[in-house]
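Following: one structure in structure tokens, then a few remarks.
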Amino acid sequence: MALQSLPSSRMAPPAILLGLLMAACFTFCLSHQNPKEFALTNPEKSSTKETERKETKAEEELDTEVLEVFYPTHEWQALRPGQAVPAGSHVRLNLQTGEREAKLQSEDKFRNNLKGKRLDINTNTYTSQDLKSALAKFKEGAEMESSKEDKARQAEVKRLFRPIEELKKDFDELNVVIETDMQIMVRLINKFNSSSSSLEEKIAALFDLEYYVHQMDNAQDLLSFGGLQVVINGLNSTEPLVKEYAAFVLGAAFSSNPKVQVEAIEGGALQKLLVILATEQPLTAKKKVLFALCSLLRHFPYAQRQFLKLGGLQVLRSLVQEKGTEVLAVRVVTLLYDLVTEKMFAEEEAELTQETSPEKLQQYRQVHLLPGLREQGWCEITAHLLALPEHDAREKVLQTLGVLLATCRDHYRQDPQLSRTLASLQVEYQALASLELQDGEDEGYFRELLGSVNSLLKELR
């Protein structure tokens, strides 16, 4: 009853103290909670800054601390953490123990690696700053040496080679133009056919042209732009040299080139060649013309048939009977041998392939060469050529006598001079063959000639 009668001003101070106490307790509880939940800054950034601060402090401490130096020997020694290894040491990881080990390299290898730049250590220890400075010196020395090598190499290249700009300038000044074979042949034909060209220039053009037409494609290209006919017309020239070199070009172009051979026959080449052989011309010109004729007739039965129609055998007979033409006579006999054997091989090929009427054989059967040789007296002509002194010429004549034996057997048996010549050759080649046997040559050249002579003598008995 007495408390109820107390005034309200006396109860106020206890209430204020109670409120202050509750506020203090609340503040204390908040101060012990996770600071991350109530922080106003980014926790990740705060953590990164703290790490950088620690690393910076560690680096500053590392720069100022003194490192322990490892002293290598020629034996492997284990490295302790934090030890500084001198430059040029050989360091490895021991796979058995898992420790890093180091030792000195050999003296020569060590000097080559350092290349004369060694670190001068005056004390037993040095800081990481010393290591950085030494590394910078090594890099600087390597760059300087590399720069010297590059300059030396560039100087050597400049000494051996010229710049591309200079080469282009020189080619432009020389006006160098690369020509194809076709372009060259066109230029040579134009030069030969030009009325303003001198005789020497025409001969030079034909001489160069002969080199190119040896190739089959080039010879056909010569035909394609009309150059072949220009050369054929050159056989009508009044200059013997022009005839000679024109025939030289034609012989190279005709050789084993059927397309060119056909066009030559149609262009009148055969008639012009026979006219030159039948008239008085220098021996050198007739050699080249005979070469062109042989190239045109070989492996071309149509041309052989035209040759017989135009009296080619009579022209060749007159040629070999002239004085001083023994060289031409041997070539003519060789040509006749080739033409006869060509027809024989064509018949044998037809028998082997069992073809009754192949086109090639039909063409050869229209060439009546053997009867023409008999009628034109070639049996006697070839027999008399056996008296030539050269062994090579005798060999070719003996071969021709052998292929003409079936056609000329009666003439050979009735020719006493041929019998005496064969008997003389038999004695001569027996002696030469004996000398070959003494030298250890069982199948010598003269033994083969002796066999040909014995075979003819046996057939003529």
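Looking at H391 and Y429, their side chains do bring a donor and an acceptor atom within 3.5 Å of each other. If you check the side chains of E395 and Y445, you find a donor sitting under 3.5 Å from an acceptor. Under the 3.5 Å distance criterion, with hydrogens and angles disregarded, a donor-acceptor pair is assigned to the side chains of Q77 and T73. In this structure, a donor-acceptor pair under 3.5 Å is absent between the side chains of Q304 and Q363. Counted by atom type alone, N94 and E101 present one or more donor-acceptor pairs between their side chains at under 3.5 Å.
Using the six-membered ring where Trp is involved, Y245 and F248 have ring planes that are perpendicular, over 60° apart on the 30 and 60° scheme.
A cation-pi arrangement is absent between K343 and Y364, since the terminal nitrogen or guanidinium carbon is not both under 6.0 Å from the aromatic centre and inside a 45° cone about the axis. In this structure, R92 satisfies the cation-pi test against W76, with its NZ or CZ atom closer than 6.0 Å to the six-membered ring centre and inside 45 degrees of the ring normal.
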| When you look at D410 and R413, which way does the salt bridge (Lys or Arg N to Asp or Glu O under 4.0 Å) test go after all the steps? | CA-CA 5 Å; D410 295 339; R413 285 177 176 175; 5.1 Å; no
| query | Please walk me through it: do I381 and V333 pass side-chain contact (heavy atoms from CB on, under 4.5 Å)? | reply | CA-CA 9 Å; I381 294 172; V333 169; over 6 Å; no
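Annotation for F192 and G234: closest pair CZ-CA, 4.2 Å, computed over non-hydrogen atoms. Nearest heavy atom pair, residue E448 against residue E443, reads OE2-O, 4.4 Å.
Checked for salt-bridge contact, E156 and R159 meet the test: a charged N lies under 4.0 Å from a carboxylate O. With salt bridges taken as basic N to acidic carboxylate O contacts below 4.0 Å, none links K191 and E201. In summary, K286 and E322 engage in a salt bridge, as defined by a charged side-chain N under 4.0 Å from a carboxylate O. Classification of E380 and R317 as a salt-bridged pair fails, no side-chain N sitting under 4.0 Å from a carboxylate O.
The environment of CZ in F70 is crowded: more than 12 heavy-atom neighbours from other residues, nucleotides or ligands sit within 6.0 Å. Residue R447 places its CZ atom among 12 or fewer non-hydrogen atoms of other residues, nucleotides or ligands, all under 6.0 Å distant. Sparse packing is recorded around OH of Y211, with 12 or fewer heavy atoms of other residues, nucleotides or ligands lying under 6.0 Å away.
Interatomic distance, L293 CG to L270 CG, rounded to the nearest 0.5 Å: 6.5 Å. Annotation: the span from L297 atom CG to L369 atom CG amounts to 10.0 Å, rounded to 0.5 Å. Atom CD of residue Q229 and atom CG of residue L222 lie 10.5 Å apart, to the nearest 0.5 angstrom.
Counting only residues at least two apart or on different chains, no disulfide bond (SG atoms under 2.5 Å apart) pair has a member in residues 259-328.
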